[in-house]
Amino acid sequence: MYDYLIVGSGLFGCVLAHEIKKHGKSCLIIERRNHVGGNLYCEEKEGIHIHKYGAHIFHTSNKIVWNYVNQFVEFNNYINSPVANYKGELYNLPFNMNTFYKLWGNVTPKEAEKKINAQRTVIHGEPKNLEEQAISLVGTDIYMKLIKEYTEKQWGRSCKELPAFIIKRLPVRYTFDNNYFNDRYQGIPVGGYNKLIYALLDGIEVHTGVDYNIYRNEYKNMAPMIIYTGPIDSYYNYQLGNLEYRSLAFKTERFEEVNHQGVAVMNYTAWDVPYTRSIEHKHFEFGKQPVTYVTKEYSTEWVPGEEAYYPVNDMKNSQLYARYRTLAEKERNVLFGGRLAEYTYYDMDEVIEQVLSLVNKIL
Ligand code: FDA
């Protein structure tokens, strides 16, 4: 018997397991995949850590969270500065003075601001769709070259059919600053994310290749309390219907060269290239290997049974989630947490914040 059974060895499950052990209690983790770490997991090839489930950059403004992860692993000084490729023209992201200079040749922030404001006024009244929303925030040029087709590839539909709420803000910076995030702390674990995961799991028993929903009878009595971090609809055997996601397909290539694209993240913002991003993993860790691995990321329609990446938080899915949530609140010995159980996109720092607050309540 254990004090807790944790379903899922993603960041949520691993931080929670570490805290449970630290508080003198016992736990067992079961994990459906054949490896631990959830979506942070990296595959190592020729000394390069390949972010198997999409690029992960740790960033936070929460000093408690930053100090927390730094107990387990050192972080490098990687700063995410993606580049947008629009039909072979390269633009710095996020939208900043370097982007504006390339677009219009503006040299002062005042000139760039004037240009954007003149283009924003094209839309009058409340934006009716994502296209109108984006133009009202950044004007037509940035929208046409850097947002429209990228967003359409991501969502698989026209920006005119997408709701305005998907884009709430589009940060525009009138400085020559290519740092994608505004957070105080940022970096990649030295030695890769697996090092962080293994340190969190030190001394914790984990059974991999075990899907709780298949082996429920064997495991449910192993602990008086279960923490479930898988998809909430799967826990209830989809009895109310499937929650929908956008999915991703990855195609990784090896190149016999030191440096393929000169940056870790390149966004392809036009339809002429079918993938949305290409990731050159070695740049996350300033790798000097003689070879390199590049992953093309394709945005795909999700079908039940495939990996779930981005929740579709529209009205229909939000209402369905609320119904599952009502069932979950009636459970006496099961708690639900993490991005899949809460049907919410969370960054890694938010997941850690949530676990630490849960720990304060239950331990
Ligand atoms: P996660 O999905 O990682 O773990 C859940 C685990 O439960 C999985 O291992 C799964 O196999 C297991 N499981 C599910 N059902 C089960 C069952 N029935 N039985 C047993 N096991 C089961 N964040 C950030 O801060 N910076 C970034 O750059 C990125 N980048 C990024 C890219 C992409 C493409 C995505 C989709 C997400 C990000 N994120 C991110 C977010 C980050 O991935 C997220 O915060 C964490 O993975 C959340 O950890 P969880 O443990 O909640 O879920």
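None of these values were measured; they are calculated from a predicted model. Counting convention: from 1, in listed order, for ligands and their atoms alike.
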- Query: For atom 36 (C) of ligand 1, which protein heavy atom lies nearest, and how many Å away is it?
  - Reply: Y309 CD2, 3.5 Å

- ligand 1 to Y310 polar contact by distance, N or O atoms, under 3.5 Å: no

- For ligand 1, which part of Y180 has a heavy atom less than 4.0 Å away: the side chain, the backbone, both, or neither? neither

- Query: For ligand 1, is there an atom lying under 4.0 Å from some heavy atom of I214?
  - Reply: no

- For L40, counting its heavy atoms only, list the atoms of ligand 1 lying under 4.0 Å from any of them. 47 (O)

- So which bit of L340 gets within less than 4.0 Å of ligand 1, heavy atoms only: side chain, backbone, both or neither? side chain

- One finds that the ligand 1 atoms under 4.0 Å from a non-hydrogen atom of P231 are 14 (C), 15 (N)

- Message: Parallel, tilted or perpendicular: which one describes the rings of H281 and H51, with boundaries at 30° and 60°?
- Response: tilted

- Task: May I ask you to establish whether R216 and Y235 are in a cation-pi arrangement, using a distance under 6.0 Å from NZ or CZ to the six-membered ring centre and at most 45° from the ring axis?
- Result: yes

- Relative to atom 30 (N) of ligand 1, which among A55, G54, A341 owns the nearest non-hydrogen atom? A55

- Note on the structure: atom 45 (O) of ligand 1: closest protein heavy atom, distance to 0.1 Å, is Y346 O, 2.6 Å

- Message: With heavy-atom distances below 4.0 Å as the criterion, list the atoms of ligand 1 near D211.
- Response: 17 (C), 18 (N), 19 (N)

- Check C14 against ligand 1 and report side chain, backbone, both or neither, counting heavy atoms closer than 4.0 Å. neither

- Message: Between the side chains of E132 and K128, is the shortest nitrogen-to-carboxylate-oxygen separation below 4.0 Å, so that they form an ion pair?
- Response: yes

- For atom 52 (O) of ligand 1, the closest protein heavy atom turns out to be R339 N, 2.9 Å

- Looking only at heavy atoms, is any part of Y345 under 4.0 Å from ligand 1, and if so is it the side chain, the backbone, or both, or is it neither? side chain

- How does V36 reach ligand 1, by side chain, by backbone, by both or by neither, if only non-hydrogen atoms under 4.0 Å count? neither

- Item | atom 7 (O) of ligand 1: the protein heavy-atom neighbour that sits closest, reported with distance to 0.1 Å | G8 CA, 3.2 Å

- Task: Please work out whether the ring planes of H35 and Y53 are parallel, tilted or perpendicular, with thresholds of 30° and 60°.
- Result: tilted

- Show which atoms of ligand 1 fall inside a sub-4.0 Å distance from at least one heavy-atom site of I30. 20 (C), 21 (N)

- Item | Contact atoms of ligand 1, heavy-atom distance to Y228 under 4.0 Å | 18 (N)

- Query: Should Y53 be listed as contacting ligand 1, given a heavy-atom distance under 4.0 Å as the test?
  - Reply: yes

- For G10, atoms of ligand 1 separated by under 4.0 Å from a heavy atom: 3 (O), 4 (O), 6 (C), 51 (O)

- Could an N or O of ligand 1 be found under 3.5 Å from any N or O of G37, whether backbone or side chain? no

- atom 49 (O) of ligand 1: which protein heavy atom is closest, and how many Å away? L11 N, 3.8 Å

- In the hydrophobic clustering that connects Ile, Leu, Val, Met, Phe, Trp and Tyr at side-chain heavy-atom distances below 4.5 Å, which members other than Y293 occupy its cluster, ordered by chain and number? I48, I50, V291

- Could you tell me which atoms of ligand 1, counted from 1 in the order shown, lie closer than 4.0 angstrom to a heavy atom of V351? 45 (O), 48 (C)

- One finds that the ligand 1 atoms under 4.0 Å from a non-hydrogen atom of Y212 are 17 (C), 18 (N), 19 (N), 20 (C)

- Task: Answer yes or no on whether K102 is positioned over the face of Y91, meaning its NZ or CZ is under 6.0 Å from the six-membered ring centre and within 45° of the axis.
- Result: yes

- Query: Does M348, backbone or side chain, put an N or O under 3.5 Å from an N or O of ligand 1?
  - Reply: yes

- Message: Does this structure show an ion pair linking R33 with E307, if we count only N-O contacts that are shorter than 4.0 Å?
- Response: yes

- Query: When you check the gap from the basic side-chain N to the acidic O, do R325 and E342 get nearer than 4.0 Å?
  - Reply: no

- Item | Proximity of F284 and Y78 rings by center, below 6.0 Å | yes

- Item | Mode of F58 contact toward ligand 1 - side chain, backbone, both, neither (heavy atoms, under 4.0 Å) | neither

- Quick one: do E111 and K115 make a salt bridge, cutoff under 4.0 Å? no

- So among N80, N179, T60, which one has a side-chain hydrogen bond (donor to acceptor under 3.5 Å, both in side chains) with Q186? N179

- Are the charged groups of E46 and R254 less than 4.0 angstrom apart, N to O? yes

- Task: Determine, using ring centers only, whether Y215 and H207 are less than 6.0 Å apart.
- Result: no

- Heavy-atom nearest option to atom 11 (O) of ligand 1, drawn from E31, H207, H56: E31

- Query: By side-chain hydrogen bond (donor to acceptor under 3.5 Å, both in side chains), which residues pair with K282, not counting sequence neighbours?
  - Reply: none

- Query: Which residue holds the protein heavy atom closest to atom 14 (C) of ligand 1, what is that atom called, and what is the gap in Å?
  - Reply: G230 CA, 3.5 Å

- Message: Angle between ring planes, Y275 versus Y268, binned at 30° and 60°: parallel, tilted or perpendicular?
- Response: perpendicular

- Applying a 4.0 Å heavy-atom criterion (strictly less than), which segment of D347 is in contact with ligand 1: side chain, backbone, both, or neither? both

- What orientation do W66 and F58 show, parallel under 30°, tilted 30 to 60°, or perpendicular over 60°? tilted

- Task: Could you tell me the residue and atom name of the protein heavy atom closest to atom 21 (N) of ligand 1, and the distance to it rounded to 0.1 Å?
- Result: R32 N, 3.0 Å

- Query: Would you call E218 and K220 a salt bridge, taking side-chain N to carboxylate O under 4.0 Å as the test?
  - Reply: no

- atom 26 (N) of ligand 1 has as its nearest protein heavy atom I57 O, 2.8 Å

